[in-house]
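For this chain, numbers begin at 1 and follow the sequence in order.
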Amino acid sequence: MAAISLRKGNTRLPPEVNRVLYVRNLPFNISSEEMYDIFGKYGAIRQIRIGTNKDTRGTAFVVYEDIYDAKTAVDHLSGFNVANRYLIVLYYQQAKMSKKVDQKKKEDELARMQEKYGLSSSKDR
């Protein structure tokens, strides 16, 4: 009952609040079951994706069924200690993630063009 009354009181949420959470600074050996135990306390979870590649290890995406559950999880789990590591829990923001990917693509394209035309970058000088 307390959760229902809380939801009615908080009908206006900030625009960055999202059902999808981006979690950083996870221990590399954390299991899916442990993730469900930690994040499941705050509501029904639709999906958890743990990074397995070299560049995505220690990160995960957690998708909640309800936006209010995600907000509660962010409020309670930001800075939570797991295996002597403090979690960084953020709302997933597509615009920021796509900017990072676009920047990497631009850097790769620039490197290809410099190599194609025999130019050196300012770092090489």
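Tracing side-chain contacts under 4.5 Å through hydrophobic residues (I, L, V, M, F, W, Y), one never reaches Leu26 starting from Tyr86; they form parts of separate clusters. Both Val17 and Tyr68 belong to a common hydrophobic cluster when Ile, Leu, Val, Met, Phe, Trp and Tyr are linked at side-chain heavy-atom distances under 4.5 angstrom.
Between His76 and Tyr42 the shortest side-chain heavy-atom distance falls below 4.5 Å. Annotation: side chain of Gln93 is not in contact with side chain of Asn18 (no heavy-atom distance under 4.5 Å). Counting heavy atoms from C-beta outward, Val82 and Ile38 have side chains that approach closer than 4.5 Å. Counting heavy atoms from C-beta outward, Gln114 and Leu110 have side chains that approach closer than 4.5 Å. For the pair Val62 and Met35, the minimum side-chain heavy-atom distance is below 4.5 Å.
One finds the CD1 atom of Ile67 at 8.0 Å from the OH atom of Tyr91 (value rounded to the nearest 0.5 Å). Taken to the nearest 0.5 Å, the CD1 atom of Ile50 stands 8.5 Å off from the CD atom of Glu34. Interatomic distance, CD1 of Ile48 versus CG of Leu21, reported as 9.5 Å (0.5 Å rounding). Rounded to the nearest 0.5 Å, atoms CG (Asp37) and OG (Ser32) are 11.0 Å apart. Ile88 CD1 to Phe80 CZ: the interatomic distance, rounded to the nearest 0.5 Å, is 15.0 Å. We find the NZ-CD distance between Lys106 and Glu109 to be 11.5 Å, quoted to the nearest 0.5 Å.
With a 6.0 Å cutoff to the six-membered ring centre and a 45° limit on the axis angle, Arg85 counts as a cation-pi contact of Phe28.
Among all heavy-atom pairs drawn from Ala73 and Tyr64, the shortest one is CB-OH, 3.3 Å. When all heavy atoms of Thr59 and Thr56 are compared, the closest pair comes out as OG1-O, 2.5 Å. Considering all non-hydrogen atoms of both residues, Arg19 and Glu65 come closest at NH1-O, 3.5 Å. Shown here for Arg24 and Leu90, the closest heavy-atom pair between the two residues is NH1-CD1, 4.0 Å.
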Point to revise | From CA spacing to verdict: salt bridge (Lys or Arg N to Asp or Glu O under 4.0 Å), Asp108, Arg112 | key: CA-CA 6 Å; Asp108 291 343; Arg112 279 196 301 271; 5.3 Å; no
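Between Phe61 and Tyr92, the ring-plane angle classifies as perpendicular under the 30° and 60° cut-offs.
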